[in-house]
Amino acid sequence: MAMGNNEDPCQDHVGEPPSARTQPQPQPSLSYLSKLLGTTTFKDNETSSSSPQAVAKTQPPNPAIYVRKPPGWYFSIYIRIDRSGSFHTYPHLGGPFKSLQEVEKAIERYLDDKRHKTLWKEQSGDSGMEIVIKKALYWPDGRTRRCSDNQVVEHTREQKSLMLQALLDTYNEDHKLFGDDAYEFKDILHFQSIGEGIMWYKHFNFTTKTKDGIEDLFFAEVKEERDNELVANTFCKIESNENGHCYGCINNGTMDMKHPDKADAYSGGHLDVHMPFGGGRRRPNTWTGSKEDVAAEEARLRYIYGVK
């Protein structure tokens, strides 16, 4: 599975001004969602027109969700709004929620529960720079900021699976697939980021299943729109023998990605270009997470910040 860079939980720290690390961390806020969704309205196709012919010709909208990136954390939370206006979170944090205030409180509880219970308690004699070193070494939940390539792959798979699950639930609702007829997310197979000038697309292959055990292959093209809104330009079931051409996937090494045969079914991948800067990290990563690795990283950070 090809990996994107936007959900990498690893950080290789270089020297920063100490003030950059000692400033208070911003508190989570959903104000941007309030602004985005304050005027959102939901219309059921069956009631939006008195004409049966008009209803029959109405196409479901492209699946769309919102992504929340808590400041100071390494993961995203995806938010879906159903046709009744209720909010659903991925990962599941309770709900469905009836208001953004409920969503905000659920996210705050989730982050509080994940935060390490003892790591951030100030010890007697701790200097401000000791806190700087600690924040440069660990995430709020105690996970080391550096990680192995395998951990990056697993984290990326988890995050993209949550995103696709949210989009799939939207797709089911928009196509009135409920109960035994609804598609259930099974597994992500391939993922590739595609950069074309200022435009960025993400291509996915993933599998679904239904209650009766039937499995299907899906293709999705996802694009980030205004202020953290993710829209699936394409979200469709495809056959395993479909082989639409995509420079974006081929040029960046994701040769096994299956695309719809119709070239106009997806927007990205038609330009013969490569990812900028070679598409990602190239230097060897020998991190294993051992005590020796952590000690060596702490020594490196102390050297950078001039702390003994």
Side-chain angles (χ1 to χ4, degrees), residues 1-16 21 67 69-78 90-91 114-116 119 133-166 185-195 200-207 219-222 224 230 246-258 268-269 273-304:
M1 179 181 67
M3 296 183 301
N5 297 324
N6 58 324
E7 295 292 353
D8 190 345
C10 297
Q11 291 186 352
D12 294 330
H13 287 277
V14 296
E16 300 178 14
R21 292 264 168 204
V67 57
K69 301 175 182 178
W73 290 84
Y74 53 85
F75 53 80
S76 296
I77 296 171
Y78 300 93
Y90 301 77
K114 286 186 69 68
R115 193 167 285 108
H116 199 282
L119 182 62
I133 297 298
K134 192 179 293 185
K135 287 184 176 181
L137 187 59
Y138 298 104
W139 292 106
D141 59 358
R143 178 175 178 167
T144 56
R145 288 182 177 264
R146 291 198 62 182
C147 54
S148 67
D149 288 339
N150 286 339
Q151 288 173 317
V152 173
V153 170
E154 184 59 30
H155 175 77
T156 302
R157 179 181 292 274
E158 291 174 357
Q159 288 281 281
K160 300 311 178 189
S161 295
L162 288 172
M163 182 199 71
L164 290 171
Q165 179 67 70
F185 179 82
K186 184 182 179 184
D187 192 22
I188 183 171
L189 302 180
H190 306 293
F191 160 49
Q192 180 61 55
S193 289
I194 300 171
W200 284 87
Y201 307 91
K202 294 178 175 61
H203 284 186
F204 298 89
N205 278 159
F206 63 98
T207 54
F219 170 82
E221 178 182 82
V222 180
E224 185 166 343
L230 300 178
C246 176
Y247 284 115
C249 290
I250 293 173
N251 289 352
N252 292 292
T254 312
M255 309 293 293
D256 295 330
M257 181 83 73
K258 295 293 184 181
V273 296
H274 290 75
M275 288 277 283
F277 312 113
R281 179 185 297 173
R282 288 292 180 266
R283 63 180 179 178
N285 179 13
T286 60
W287 182 266
T288 65
S290 66
K291 292 182 179 180
E292 291 76 15
D293 279 350
V294 176
E297 177 67 0
E298 181 176 349
R300 185 182 75 89
L301 291 169
R302 290 183 178 279
Y303 174 79
I304 290 173

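We're numbering straight along the sequence, starting at 1. The figures here come from the full heavy-atom set of this structure, side chains too, leaving out hydrogens, waters and symmetry mates.
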The criterion is side chain to side chain donor-acceptor pair (under 3.5 Å); which residues satisfy it with Asp141, sequence neighbours excluded?
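Asp141: side chain to side chain donor-acceptor pair (under 3.5 Å) contacts with Tyr74.
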Looking at residues at least two apart in the chain, or sitting in another chain, which of them share a side chain to side chain donor-acceptor pair (under 3.5 Å) with Tyr90?
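Checked Tyr90 against side chain to side chain donor-acceptor pair (under 3.5 Å); matches are Arg80, Asp169.
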Which pair of non-hydrogen atoms, one from [X] and one from [Y], has the smallest distance, and what is that distance?
{"X": "Pro70", "Y": "Ile77", "result": "CG-CD1, 4.2 Å"}
{"X": "Gly268", "Y": "Cys246", "result": "O-SG, 4.3 Å"}
{"X": "Tyr78", "Y": "Ala166", "result": "CB-CB, 4.5 Å"}
{"X": "Val67", "Y": "Ser76", "result": "CG2-CB, 3.5 Å"}
{"X": "Trp73", "Y": "Trp139", "result": "C-CZ3, 3.8 Å"}
{"X": "Gly248", "Y": "Gln192", "result": "O-CG, 3.9 Å"}

Non-neighbouring partners of Tyr247 that pass side chain to side chain contact (heavy atoms under 4.5 Å, CB included), sequence neighbours left out
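Tyr247: side chain to side chain contact (heavy atoms under 4.5 Å, CB included) contacts with His245, Asn251, Asp272.
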Return the set of residues passing side chain to side chain contact (heavy atoms under 4.5 Å, CB included) with Val294 (not counting sequence neighbours), or none when no residue passes.
Leu137, Tyr138, Thr144, Trp287
With sequence neighbours left out, write down each residue that passes salt bridge (Lys or Arg N to Asp or Glu O under 4.0 Å) with Lys114, or none if nothing qualifies.
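Listed in chain order: nothing, the list is empty.
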Under the salt bridge (Lys or Arg N to Asp or Glu O under 4.0 Å) rule, collect the residues that match up with Asp187, sequence neighbours excluded.
Arg157
Among Lys291, Arg146, Arg302, which one satisfies salt bridge (Lys or Arg N to Asp or Glu O under 4.0 Å) with Glu297?
Arg146
To the closest 0.5 Å, what do you measure between [atom1] ([X]) and [atom2] ([Y])?
{"X": "Lys134", "Y": "His116", "atom1": "NZ", "atom2": "NE2", "answer": "9.5 Å"}
{"X": "Gln159", "Y": "Glu154", "atom1": "CD", "atom2": "CD", "answer": "11.0 Å"}
{"X": "Phe204", "Y": "Ser161", "atom1": "CZ", "atom2": "OG", "answer": "9.0 Å"}

Between Asn205 (side chain) and Leu189 (backbone), is there a donor-acceptor pair under 3.5 Å?
no
Relative to the ring of His203, is the ring of Phe219 parallel (under 30°), tilted (30 to 60°) or perpendicular (over 60°)?
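Ring orientation, 0 to 90° scale: perpendicular.
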Would you call Lys202 and Met163 a side-chain contact if the rule is heavy atoms closer than 4.5 Å?
no
